Amino acid sequence: MTEDIKKGLAGVVVDSTAVSKVVQETNSLTYRGYPVQELAANCSFEEVAYLIWNGELPNAEQLEEFVARERGQRAIDQKLVDIILGLPKDTHPMHVVQTAVSYLGAVDEQAEDNSPEANQAKAERLYAQLPTIVAIDHRRRHGLDPVAPTSDLSYAANFFKMVFDEVPADEVVRCFDISMILYAEHSFNASTFTARVIASTTSDLHSAVAGAVGALKGPLHGGANEAVMAMLEEVGTADKASAWIDNALANKEKIMGFGHRVYKNGDSRVPTMRAAFEDMVKVKGANDLLDLYNTFEEDFVGRKGIYPNLDYPSGPAYHLMGFDTPQFTPIFVMSRITGWTAHIMEQHANNALIRPLSAYHGEAQREVPTQR
Ligand code: ACO
């Protein structure tokens, strides 16, 4: 029955969601009904996180309470710090994040409680603590001691402080915040679907998030922001882009940061992130990188009609902010934790075990030989 196989579940609608909507035809994306570009232009990441979980933007009082809760939970316990510091220096940063999430599940008193209240509390703790985890890992790779979180800085500014021990110019913090908003949620992408599959067994939130981290790590998904930067560094300069693309296509390689399973005429998040990247280029005077970025894009789109996805501008933007390339996908986790956990709660609230069928193409049934 091969004609019934929907390889990669392409085009299959497996459930409904109220968290976000991706409209292929118009290349648009809304979170709880609000266009993501408008959220990026008018809101902080904290407001968007609240929106994703609660369905509405917060009023001033709700935001104050929500922000205070997040700021009060940023610190991680010393045992977890020691676990991170004890991992091999070349451990993939996404393995570090996954290990930390599993540890936090192991010690969370509400770990096995799947009630909406417990899940919300656990989601908020992960949201508050993931930046601390990512920052400690970043610093240990540079042989630097952790910088403790502070409660008087925004989510984004505190992250910079914990990574670099200083807060950069407001424009840089704002570019980062925009990337957090754009990465927060994207319906049934591979990592969110992974989280929903795990949640559908009525397993716990930390287990579902740990699985989602594993799915996001791959270069066909979240790992692409790292792969984009590695690719641009390998190409080097704008004049080498065309020959590099010739060679990659001749070798049937995928060009990282281009193409999307849902958007076929451009990713709705790209114009906003591209503008943020251009702001970073201005701050850093990195015109050569912009030149390479534009030349590469024009050349590849011109040949294949395959457009950039969010990872194409976000990779070089993070590079200009000073982050190491292997940290880009963990930064994506800090944002997507909001979307993942909203979906886990939605799955728990209206659950059906996710268990598809497969078509078999192995040996026909046969007897086990008694003489071997
Ligand atoms: N480079 C070169 N060719 C491509 C690319 C690309 N980036 N993307 C698609 N194509 C080609 C394929 O080779 C295929 O060509 P063919 O029909 O001649 O064989 C055709 O376009 C369709 O591609 P598929 O891979 O079948 O399309 P799918 O919907 O499965 O792919 C995907 C989506 C996996 C994202 C793909 O475009 C890709 O691998 N891109 C690079 C990785 C990437 O940037 N991932 C990030 C996704 S966005 C995110 O996670 C935030």
Side-chain angles (χ1 to χ4, degrees), residues 5-13 19-20 22 24-25 27-29 31 36-37 40 94 178-195 211-232 234-235 241-242 244-274 276-277 293 296-319 325 327-340 343:
I5 296 175
K6 304 283 187 201
K7 193 119 168 123
L9 295 179
V12 177
V13 178
V19 185
S20 68
V22 184
Q24 189 166 10
E25 297 72 30
N27 295 340
S28 59
L29 168 64
Y31 298 166
V36 71
Q37 302 86 335
M94 288 293 272
I178 288 170
S179 77
M180 291 283 100
I181 293 170
L182 297 175
Y183 268 133
E185 161 57 14
H186 212 208
S187 75
F188 281 30
N189 57 84
S191 57
T192 303
F193 188 61
T194 302
V213 172
L216 190 73
K217 176 173 176 281
L220 294 190
H221 189 13
N225 57 11
E226 296 179 22
V228 166
M229 199 56 229
M231 177 180 82
L232 292 175
E234 193 184 307
V235 178
S242 191
W244 193 94
I245 295 170
D246 283 344
N247 189 44
L249 292 180
N251 291 327
K252 304 238 171 292
E253 284 169 23
K254 285 274 183 76
I255 308 296
M256 293 294 127
F258 289 82
H260 200 274
R261 172 59 68 79
V262 182
Y263 302 118
K264 295 301 175 194
N265 299 310
D267 178 332
S268 57
R269 304 163 294 181
V270 165
T272 309
M273 194 60 224
R274 187 200 154 87
F277 166 56
Y293 178 99
F296 192 99
E297 178 181 333
E298 268 169 43
D299 190 317
F300 183 65
V301 174
R303 292 185 206 212
K304 299 286 283 186
I306 297 173
Y307 294 91
N309 57 55
L310 176 56
D311 292 323
Y312 190 59
S314 72
Y318 289 146
H319 172 77
T325 303
Q327 298 297 144
F328 295 177
T329 319
I331 290 171
F332 190 162
V333 174
M334 288 163 40
S335 163
R336 188 58 64 85
I337 188 67
T338 56
W340 286 339
H343 280 275

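All ligand and atom numbering here is 1-based and tracks the order in the structure. Everything quoted here is computed from the prediction, not taken from an experiment. All values below were derived from every heavy atom in this structure, side-chain atoms included, with hydrogens, water molecules and symmetry-related copies excluded.
Between Asp267 and Arg274 there is no salt bridge, since no side-chain N of the basic residue sits under 4.0 Å from a carboxylate O of the acidic one.
Taking the six-membered ring where tryptophan is involved, the planes of Phe258 and Phe300 are perpendicular, since the angle between them exceeds 60° and thus also 30°. By the 30° and 60° cut-offs, the orientation of the rings of Phe328 relative to Tyr318 is tilted.
Taking the six-membered ring for Trp, Tyr312 and Tyr307 have ring centres at least 6.0 Å apart.
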Side chain to side chain donor-acceptor pair (under 3.5 Å) between Gln37 and Thr272, worked out:
CA-CA 6 Å; Gln37 302 86 335; Thr272 309; 5.4 Å; no
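Shown here are the ring-ring contact (aromatic ring centres under 6.0 Å, His included) partners of His186, two or more places apart in sequence or in another chain: His260, Tyr263.
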List ligand 1's nitrogen or oxygen atoms that come under 3.5 Å of a protein nitrogen or oxygen, with the partner atom and distance.
residue  : atom   : partner : partner atom : Å
ligand 1 : 1 (N)  : Ile255  : N            : 2.8
ligand 1 : 7 (N)  : Ile255  : N            : 3.4
ligand 1 : 7 (N)  : Ile255  : O            : 2.7
ligand 1 : 7 (N)  : Phe258  : O            : 2.8
ligand 1 : 25 (O) : Lys254  : NZ           : 2.9
ligand 1 : 29 (O) : Arg261  : NE           : 2.9
ligand 1 : 29 (O) : Lys264  : NZ           : 3.1
ligand 1 : 30 (O) : Arg261  : NE           : 3.3
ligand 1 : 30 (O) : Arg261  : NH2          : 3.1
ligand 1 : 39 (O) : Lys254  : NZ           : 3.1
ligand 1 : 40 (N) : Phe258  : O            : 2.9
ligand 1 : 44 (O) : Gly257  : N            : 2.8
ligand 1 : 44 (O) : Asn309  : ND2          : 2.9
ligand 1 : 45 (N) : Leu220  : O            : 3.0
ligand 1 : 50 (O) : His221  : O            : 3.4
ligand 1 : 50 (O) : His221  : ND1          : 3.0

